[in-house]
Amino acid sequence: MSNTVAYVALIQILPVIIDDMATGLGVSRTAVAGASTVSTLMGALAAFPIGRLMDRHGGRILMTAGSLIGVGAAVMWSQATSLPMLYVAFVFVGLAIAMSTYEAAFAVIVVATDGPHRDRTILAVTMIAGLSTYLVYPLLGWMNDEWGWRTTLLVLSAVLLVTAVPGHLLVIPSGRAHRSRVEHRTGVPIGTALRQRRFWYLLIAFVGQAGSVTAFLLLVISYLLSVGHSMWIATSIPISIGAMQILSRLALVTVLRGVALAPVTCGAFAIQGAGLLMLPLAGLSIPATLLCVSAVGIGQGVGVIARPSIVADNFGVAHFASVLAVITVPMAVARAASPLMGAWLGDWRFLVICGAGAVVASIALIPLARAGNGGS
């Protein structure tokens, strides 16, 4: 629940209110979107220090503090009257996201749970957050229409305050409990991990997939409009991405239950790459376009769950947050840079590059898939 509220209040709300914000601040939509890049880069800078602290002290204090920072950031955001003020607010948004959402939650889950329970818990968190954040868009749109973007942000900050802050403080194990569990668990130190090929395979895989999907999600509607689809079609087809994320995660706990995650992820990234590479050939065919776009949802749906599980399987628990953070940093840079690349190219060529990135990600996982690592 806390991850869901944080994502809605700090991430999902931006696409809903971006046009009204641009009008209110008297700047371009692109300038407002730049705040997201500021947030992403701040998260990249903070990821490793936060990971080290998570390994040593657990998540209770860090995630509670992150939620409080998120509350303050949303309030600052709501009061911004200029672009510099907005960007300052998003520095704190990025810090809050790094401290209190998926990466931090995964670090807590990996230490607090074992093997099969760990993967099911990660799946539950991502399923609830993923489904809820897609379903909440109509409510956010209504709030923005009724109250305006500033009041909407204040309401979301209040919801974040009364849900995530006490939730993290009361539910997450204490630092003492965290250290007690880590004492009995093994793990590869970050220095050792960096000297192993499998670490670099994982880094290439998840950085490639993250950059690929981020650019596509930002530009897919613009691309579909540019090839001649109507606004209704262009805005409806991407819903399939969310649907396939949910379906792919359900598949992991049903028909694919017990199957090693590394080969499944390798296949999912290959499907994503194939869909992106074939999309320019789909033209105005709605079924073909829908099939290609849905392929991205499969890669994203599996990738979010696979990353913490495969890292834990390969490098253990004791230094998990630090190892995950080192992978997260270049992922964040890719997420910040790839949309700029896509916008600069401005046509089907960005799909080829995104598709190639996903294919490279799939190829990087082949050695782990063959070795049988990353089991669920």
*Asks:* Indicate the atoms forming the closest heavy-atom contact of Leu53 with Leu62, along with that distance.
*Replies:* CB-CD1, 3.5 Å
*Asks:* Among Thr289, Leu279, Val293, whose side-chain contact (heavy atoms from CB on, under 4.5 Å) with Tyr223 holds?
*Replies:* Leu279
*Asks:* Which heavy atom in Cys354 sits nearest to a heavy atom in Ala215, and how many Å separate them?
*Replies:* SG-CB, 3.7 Å
*Asks:* Testing the basics here: between Phe206 and Ala306, what is the closest heavy-atom pair and its distance to 0.1 Å?
*Replies:* CZ-C, 4.3 Å
*Asks:* So, do Val326 and Ile190 sit near enough that their side-chain heavy atoms are less than 4.5 Å apart?
*Replies:* yes
*Asks:* Just list the side-chain donor-acceptor pairs under 3.5 Å for residues 87-100, sequence neighbours left out, or say none.
*Replies:*
from	atom 1	to	atom 2	distance (Å)
Tyr87	OH	Ala31	O	2.6
Ser100	OG	Ala96	O	2.6

*Asks:* How close do Ala282 and Ala288 get, heavy atom to heavy atom, and via which atoms?
*Replies:* CB-CB, 3.8 Å
*Asks:* Can Gln300 and Gln272 be counted as having a side-chain donor-acceptor contact under 3.5 angstrom?
*Replies:* no
*Asks:* Would you say CE of Met341 has more than 12 non-hydrogen atoms from neighbouring residues, nucleotides or ligands within 6.0 angstrom?
*Replies:* yes
*Asks:* To check you understand the geometry: which heavy-atom pair defines the closest contact between Ile172 and Gly59, and what is its length?
*Replies:* CG2-C, 3.7 Å
*Asks:* Under the side chain to side chain contact (heavy atoms under 4.5 Å, CB included) criterion, do Arg307 and Thr328 qualify, and how do the steps go?
*Replies:* CA-CA 10 Å; Arg307 180 158 45 93; Thr328 300; 3.9 Å; yes
*Asks:* Which atom names give the shortest non-hydrogen contact between Val32 and Leu14, and what distance separates them?
*Replies:* CG1-CD1, 4.3 Å
*Asks:* If only atom types and distance count, is the side chain of Ser248 paired as donor or acceptor with the main-chain N or O of Gln245 below 3.5 Å?
*Replies:* yes
*Asks:* Using ring centroids (six-membered ring only for Trp), state whether Trp142 and Trp147 fall under 6.0 Å.
*Replies:* yes
*Asks:* Could you tell me whether the side chain of Ser294 reaches within less than 4.5 Å of the side chain of Ile241, counting heavy atoms only?
*Replies:* no
*Asks:* What residues, two or more places apart in sequence or in another chain, satisfy salt bridge (Lys or Arg N to Asp or Glu O under 4.0 Å) together with Asp19?
*Replies:* Arg29
*Asks:* Measuring only between side-chain heavy atoms, which start at C-beta, is Leu277 closer than 4.5 Å to Leu351?
*Replies:* no
*Asks:* Within the structure provided, determine whether His229 and Ile286 are in side-chain contact (heavy-atom separation under 4.5 Å).
*Replies:* yes
*Asks:* Start with the C-alpha gap between Arg335 and Thr37, add the side-chain angles, then the distance that decides, and say whether side chain to side chain contact (heavy atoms under 4.5 Å, CB included) holds.
*Replies:* CA-CA 8 Å; Arg335 286 171 176 154; Thr37 300; over 6 Å; no
*Asks:* Indicate whether the side chain of Asn144 and that of Thr152 have a donor and an acceptor atom separated by less than 3.5 Å.
*Replies:* no
*Asks:* Does the Arg198 side chain pair with the main chain of Pro367, one donor and one acceptor, at a distance under 3.5 Å?
*Replies:* no
*Asks:* Ser240 side chain to Ile237 main-chain N or O, any donor-acceptor pair under 3.5 Å?
*Replies:* yes
*Asks:* When you look at Phe320 and Ile109, which way does the side chain to side chain contact (heavy atoms under 4.5 Å, CB included) test go after all the steps?
*Replies:* CA-CA 11 Å; Phe320 170 83; Ile109 291 168; over 6 Å; no
